[in-house]
Protein chains: 2
Amino acid sequence: MKKTKQAQSDTETRATSEHTQALRLWLRMLACTNLIEAQIRSRLRTQFGITLPRFDLMSQLERSPEGLKMGELSKRMMVTGGNVTGITDQLVTEGLVVREDNPKDRRAYIVKLTPEGRKIFKKMAESHEKWIVELLGGMSEKERQQFHALLAVLKTHAGGVRPDQDR
Amino acid sequence: MKKTKQAQSDTETRATSEHTQALRLWLRMLACTNLIEAQIRSRLRTQFGITLPRFDLMSQLERSPEGLKMGELSKRMMVTGGNVTGITDQLVTEGLVVREDNPKDRRAYIVKLTPEGRKIFKKMAESHEKWIVELLGGMSEKERQQFHALLAVLKTHAGGVRPDQDR
DNA sequence: CCATGATAATTTACGATTCAAATATTAGAG
DNA sequence: CTCTAATATTTGAATCGTAAATTATCATGG
């Protein structure tokens, strides 16, 4: 694929170094994400007594004031339907969201934020955004733009790789 | 903090756009990581019948042939001690790792790969590395280097942010 | 109308994860 | 030596997450 001048760098060696480079890159990316995510989880818990998945679900609903079906939440949150059922149950118990019957299709509910849920979410979202700005604050504007562009490349490619099956 | 020439871009507006930029960046990063991680989990499960956490634990042990204490595993894997206990239990049941008594400190164990565990791990690691190369293959060599450097900046900063406590 | 297949959500069983509390051992001050 | 504090691990309860099976409803061809 690529030309190389060094005598040592035959296909074999190059492949290996490419491999460890990609692997290290992935491990670093994973570490960064986990680091930030752990901070967010911890702060949501100590300051608002909420978990990240519940916050995420509310966040989806806030963007869709007309409400969402369980299956739509599942797709958007990239988790299974069973999981959404559980998280929704708890938010309903806490009075932050409601399941409304859907007259068009009695198999499906419409899940919506309650007024209380919307009010509380707005407060949390404000803090959440500050935390993100703080945690990503080590990068300059330009670096963040570069980063965003690189992630777009990654997302497009990785998202296109077929699920499994192949060896 | 930064000067701006546009009349519209007062502090308020700029702050807001910086905020949503950082937020979008974070959401994209999270989505990418989850996408790749889900692929790896799925493939480890279908092709080797193992979970990602178990693979990770074995991976740590493979890098430390002399074995590791539970607490060291916990630190390196960035998970709680209780979690390590559970994952180790299962790997012990499967005969892939052993808990050895530590004569120096009877509170602590030394966890090691068994010969069988090491053999199996090597096979899995080989495939794992291929998958990573495949999934990150959308980026050029240069892009991967840039990405790695940007992650270093992020890791340093985010790792330095104090845990919680502050408003 | 009705049989069949697709779709929406839930349930069940299990693994992973966290936090907080409990247990066991070590280390150090007096 | 003994009390106390620190360290290493485990346990238990709660949440999150997946996959597979189940239930209820819809939609369509005959």
Side-chain angles (χ1 to χ4, degrees), chain A residues 30 33-34 37-46 48-58 67-94 96-111 163-164, chain B residues 30 33-35 37-46 48-58 67-94 96-97 99-111 163-164:
Chain A
L30 196 52
T33 305
N34 288 340
E37 199 175 326
Q39 281 285 319
I40 301 296
R41 274 182 207 279
S42 164
R43 294 184 186 197
L44 280 176
R45 196 180 67 81
T46 61
F48 296 109
I50 200 173
T51 62
L52 184 52
R54 289 180 211 180
F55 177 83
D56 280 345
L57 194 152
M58 292 178 77
L68 290 172
K69 293 192 290 181
M70 301 295 277
E72 285 172 347
L73 278 169
S74 170
K75 276 193 208 98
R76 299 190 191 205
M77 296 173 68
M78 302 199 291
V79 298
T80 58
N83 193 1
V84 172
T85 297
I87 298 170
T88 303
D89 283 347
Q90 312 206 49
L91 286 171
V92 168
T93 303
E94 298 176 55
L96 300 176
V97 311
V98 285
R99 276 185 178 91
E100 289 184 358
D101 284 334
N102 184 350
K104 312 268 187 184
D105 184 345
R106 282 183 301 172
R107 290 171 302 180
Y109 300 110
I110 302 290
V111 185
D164 212 327
Chain B
L30 196 52
T33 304
N34 288 340
L35 196 61
E37 202 175 323
Q39 280 286 319
I40 301 297
R41 274 182 206 279
S42 164
R43 294 184 187 197
L44 281 175
R45 195 178 70 81
T46 60
F48 295 109
I50 200 175
T51 62
L52 183 53
R54 290 181 211 181
F55 177 83
D56 280 346
L57 194 151
M58 292 178 78
L68 290 171
K69 293 192 291 182
M70 301 294 278
E72 284 171 348
L73 278 169
S74 170
K75 276 192 208 98
R76 298 189 191 206
M77 296 173 69
M78 302 199 292
V79 299
T80 58
N83 193 359
V84 172
T85 297
I87 299 170
T88 303
D89 284 347
Q90 313 209 46
L91 287 171
V92 168
T93 302
E94 298 176 55
L96 301 175
V97 311
R99 276 186 177 91
E100 289 185 358
D101 284 334
N102 183 350
K104 311 269 187 184
D105 184 345
R106 282 183 300 173
R107 291 171 302 183
Y109 298 110
I110 301 290
V111 185
D164 211 328

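Letters A, B, ... are given to chains in the order of the sequence lines, protein chains preceding strands, and every chain is numbered from 1.
Closest approach to the B:Met70 side chain among D:dT9, C:dA9, C:dT25 is made by D:dT9 (side chain taken as heavy atoms from C-beta onward). The B:Gln90 side chain lies nearest to C:dA16 when the options are C:dT11, C:dA8, C:dA16. Nearest nucleotide to the side chain of A:Asp105, out of D:dT25, D:dT10, C:dT11: D:dT25.
The distance from atom CZ of B:Arg106 to atom P of C:dT23 is 19 Å, rounded to the nearest whole Å. Atom CG in B:Asp89 sits roughly 14 Å away from atom P in C:dT17 (whole-Å rounding). Atom CD1 in A:Ile40 sits roughly 18 Å away from atom C1' in C:dT17 (whole-Å rounding). For the pair A:Lys104 NZ and D:dC26 P, the computed distance is 13 Å after rounding to whole Å. Distance, A:Arg45 CZ to C:dT17 P: 17 Å, rounded to whole Å. Rounded to whole Å, atom P of D:dG17 lies 10 Å from atom CG of A:Leu57. Straight-line distance from the CZ atom of A:Arg99 to the P atom of C:dA8: 16 Å, rounded to whole Å. Atom pair A:Leu52:CG and C:dT18:P shows a separation of 13 Å (rounding to whole Å applied).
The side-chain contact (heavy atoms from CB on, under 4.5 Å) search around B:Arg45 returns none, not counting sequence neighbours. A:Thr33 is linked by a side chain to side chain donor-acceptor pair (under 3.5 Å) to B:Thr33, counting only residues two or more places apart in sequence or in another chain. In this structure B:Tyr109 satisfies the ring-ring contact (aromatic ring centres under 6.0 Å, His included) test with no other residue, sequence neighbours excluded. Scanning for side chain to side chain donor-acceptor pair (under 3.5 Å) contacts around A:Arg107 gives A:Asp105, with sequence neighbours left out. The side-chain contact (heavy atoms from CB on, under 4.5 Å) check on B:Arg41 picks up B:Glu37, B:Leu52, B:Pro53, with sequence neighbours excluded.
A:Arg54 comes within 4.0 angstrom of the backbone, heavy atoms only, and of no base. Across all strands, B:Thr85 comes closer than 4.0 Å to base atoms (heavy-atom distances). Within 4.0 Å of A:Ile87, counting heavy atoms only, lie sugar-phosphate atoms of the nucleic acid but no base atom.
When all heavy atoms of B:Ile110 and B:Asn102 are compared, the closest pair comes out as CD1-ND2, 3.9 Å.
Between A:Gly86 and B:Leu68, the residue anchored nearer the 5' end of DNA chain D, judged by the nucleotide with its closest heavy atom, is B:Leu68. Along DNA chain C, the nucleotide nearest to A:Tyr109 and the one nearest to A:Arg41 differ in position, and the one closer to the 5' end is contacted by A:Tyr109.
Sorted by residue number, the members of residues 73-84 of chain A with any non-hydrogen atom under 4.0 Å from DNA chain D read A:Met78, A:Val79, A:Thr80, A:Asn83.
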Quick one: side chains of residues 71-83 of chain A, donor-acceptor pairs under 3.5 Å with protein atoms, not counting sequence neighbours, listed by atom name and distance.
unit_1: A:Glu72; atom_1: OE1; unit_2: A:Lys69; atom_2: N; d: 3.2
unit_1: A:Ser74; atom_1: OG; unit_2: A:Val79; atom_2: O; d: 2.6

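The salt bridge (charged side-chain N to carboxylate O under 4.0 Å, His left out) contacts involving residues 79-92 of chain A comprise A:Asp89-A:Arg99, where partners must be two or more places apart or lie in separate chains.
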Output one line per pair: protein atom, nucleotide atom from nucleotides 4-6 of chain D, and distance, for all N/O pairs under 3.5 Å.
none

**Asked** Hey, mind stepping through B:Ile50 and B:Met58 against side-chain contact (heavy atoms from CB on, under 4.5 Å) and telling me if it holds?
**Response** CA-CA 11 Å; B:Ile50 200 175; B:Met58 292 178 78; 3.9 Å; yes
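A 4.5 Å side-chain heavy-atom check between A:Thr51 and A:Gln90 finds every atom pair outside the cut-off.
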